Amino acid sequence: MLIRRNKPATQTELRSIVVAGRQLRVAVRHGDGTRVPLLLFNGIGASLDLLEPFVDALDPALEVIRFDVPGVGGSPLPVRPYRFTGLCRLTSQMLDTLGYDTVDVLGISWGGGVAQHFAFTARRRCRRLVLVSTATGAIMVPARPAVLIRMITPRRYLDPEHMQQVAPSLYGGSARDDPDWVAAMMHAQSRVGSPRGYLYQLLAGTGWTSLPFLPLLRQRTLILAGDDDPLIPLANARLLRRLIPHSRLHVYHGGHLSLVTEAAELAPVVDRFLTAADPAAIPDHPPAPRRDS
């Protein structure tokens, strides 16, 4: 673990670094050196900026590492498409370049698939795992076709009015009540990459599934899932809970973007899991009955 004691807590360092010949845009929110750093894998098409509200809501003592995958945000488009294995190898090389050894890992949505793959292929440097609004890849309980078809292109990141129209049916949760706010937040917080970069992200996970290796994961794992997520039906989180040996499931009232839109509620859940002396003692958290039910 990298210890930095000369950096004030909550200071974020944003820079571009070269890793294995590739330029990557990286943000490090410096902690106080007392905790294992947290590495974040973002969702498809989204830059590291989108997770800023979640990072701000975490314990200031925690060091947080974010980066734009090749072709997204401030990281240039790669020469050729990549797969999860290559991205995980690049991530390990990035951690080496930054001076980190062991990290905790959180992945949301598409990034949750990458996080699962990283936890398996780089198991020695991944201490604990947090999976948010994600599933097992090609073999999963799918969203409705009308929802999936809207994920084929990055138009929602390029066109604020389109984002406002599709946000309720695509993301659920608070996007149903206030799509204008969610659309404004998405466009204010996320730097858009190229359409080809988005395509490369789609190709990276094509045909991939974590089902064969999930029972082999040894990391303590927290699974966070919303009860109103049109993209990732709740059944997928229950499948992850069943297949990952040392896992816990926390179901919250909300949708696909609640890690960002309800960061004040979910960041403490993640913090408690990462700091728990015995995560196995944390019980599963089924959703409480809705007040309007």
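Note that this is a predicted model, so its numbers are computed, not measured.
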### Message
Walk me through whether Thr97 and Val26 qualify under side chain to side chain contact (heavy atoms under 4.5 Å, CB included).
### Response
CA-CA 11 Å; Thr97 299; Val26 177; over 6 Å; no

### Task
Go through the steps to decide whether Arg29 and Glu13 satisfy the test salt bridge (Lys or Arg N to Asp or Glu O under 4.0 Å), and finish with yes or no.
CA-CA 6 Å; Arg29 199 281 298 270; Glu13 181 182 1; over 6 Å; no

### Query
ring-ring contact (aromatic ring centres under 6.0 Å, His included) between Tyr198 and Trp110: does it pass, once the steps are laid out?
CA-CA 11 Å; Tyr198 188 90; Trp110 180 88; 9.5 Å; no

### side chain to side chain donor-acceptor pair (under 3.5 Å) evaluation trace for Ser247 with Arg242
CA-CA 8 Å; Ser247 62; Arg242 176 180 289 271; over 6 Å; no

### Task
Tell me, with the steps shown, if Leu224 and Tyr252 meet side chain to side chain contact (heavy atoms under 4.5 Å, CB included).
CA-CA 7 Å; Leu224 286 172; Tyr252 56 83; 4.2 Å; yes

### Verdict with supporting geometry, Gln219 and Val105, side chain to side chain contact (heavy atoms under 4.5 Å, CB included)
CA-CA 10 Å; Gln219 292 90 349; Val105 175; over 6 Å; no

### Task
Would you check, one step at a time, whether the test side chain to side chain contact (heavy atoms under 4.5 Å, CB included) holds for Ile223 with His250?
CA-CA 6 Å; Ile223 302 158; His250 183 103; over 6 Å; no

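Taking the side chain as every heavy atom from C-beta outward, Ile152 and Arg150 never approach each other to under 4.5 Å. A 4.5 Å side-chain heavy-atom check between Arg80 and Tyr82 finds every atom pair outside the cut-off. Contact annotation: the side chain of Tyr200 approaches that of Pro78 to within less than 4.5 Å [non-hydrogen atoms, C-beta and beyond]. Inter-residue side-chain proximity for Ile17 and Gln23 is flagged as unmet; no heavy-atom pair is nearer than 4.5 Å. For the pair Met140/Ile232, a side-chain contact is recorded, criterion being any heavy-atom separation below 4.5 Å from C-beta on. Side-chain contact check for Pro233 versus Asn236: some heavy-atom pair is nearer than 4.5 Å. Side-chain atoms of Asp101 and Asp96, non-hydrogen and from C-beta on, never get closer than 4.5 Å to each other. Side chains of Arg248 and Phe273 form no contact here, defined as non-hydrogen atoms less than 4.5 Å apart.
Hydrophobic clustering, with ILVMFWY side chains joined whenever heavy atoms are under 4.5 angstrom apart, keeps Leu148 apart from Leu234.
With rounding to the nearest 0.5 angstrom, the OG1 atom of Thr221 is 5.0 Å from the CD1 atom of Ile244. Atom CD of residue Glu52 and atom CZ of residue Arg66 lie 4.5 Å apart, to the nearest 0.5 angstrom. Interatomic distance, CZ of Phe54 versus CD of Glu262, reported as 13.0 Å (0.5 Å rounding). Note that CG of Asp177 and CG of Asp180 are 12.0 Å apart. Values are rounded to the nearest 0.5 Å. A distance of 9.0 Å separates NE2 of His253 from CD of Glu265, quoted to the nearest 0.5 Å. Rounding to the nearest 0.5 angstrom, the gap separating the CD1 atom in Ile65 from the CG atom in Leu39 is 5.5 Å.
When atom types are taken as modelled, the side chain of Asp59 and the backbone of Asp271 share no donor-acceptor pair closer than 3.5 angstrom. Side-chain N or O atoms of Thr261 include one that pairs as donor or acceptor with a backbone N or O of Leu257 at under 3.5 Å. Arg220 contributes no side-chain N or O that, together with a main-chain N or O of Leu274, makes up a donor-acceptor pair within less than 3.5 Å. When atom types are taken as modelled, the side chain of Glu63 and the backbone of Gly31 share a donor-acceptor pair closer than 3.5 angstrom. Remark: the backbone N or O of Arg128 is paired with a side-chain donor or acceptor of Asp104 at under 3.5 angstrom. Between the side chain of Gln201 and the backbone N or O of Gly45 there is at least one donor-acceptor pair closer than 3.5 Å. Checking side-chain atoms of Thr102 against main-chain N and O of Arg127 turns up no donor-acceptor pair under 3.5 Å. Distance alone, capped at 3.5 Å, places no donor-acceptor pair between the Thr134 side chain and the Leu131 backbone. In this structure a side-chain-to-backbone donor-acceptor pair under 3.5 Å is present from Arg83 to Thr206. No donor-acceptor pair under 3.5 Å is formed between the side chain of Asp159 and the backbone N or O of Arg156.
Residues Ser47 and Asn42 share a closest heavy-atom pair of O-ND2, 2.5 Å. Of all heavy-atom pairs between Gln164 and Pro179, the closest is O-CB, 3.6 Å. Closest approach of Leu249 and Arg241 over heavy atoms only: N-CD, 3.9 Å. Closest non-hydrogen pair, Ala135 versus Gln116, comes out as O-NE2, 2.8 Å. The heavy-atom pair separating Val141 from Ala235 by the smallest distance is CG2-CB, 4.0 Å. In terms of heavy-atom proximity, Gly74 sits nearest to Asp68 at N-OD2, 2.8 Å.
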Which atom pairs, one a donor and one an acceptor, fall under 3.5 Å between side chains of residues 85-94 and the rest of the protein, sequence neighbours left out?
unit_1 : atom_1 : unit_2 : atom_2 : d
Thr85  : OG1    : His117 : NE2    : 3.0
Thr91  : OG1    : Leu87  : O      : 2.8

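Cation-pi geometry between Arg123 and Phe120 is satisfied (NZ or CZ under 6.0 Å from the ring centre, within 45° of the ring normal).
Hydrophobic cluster membership of Leu48, counting Ile, Leu, Val, Met, Phe, Trp and Tyr whose side-chain heavy atoms lie under 4.5 Å apart directly or via other members: Leu14.
Taking the six-membered ring for Trp and thresholds of 30 and 60 degrees, Tyr171 and His256 have nearly parallel ring planes, at less than 30 degrees apart.
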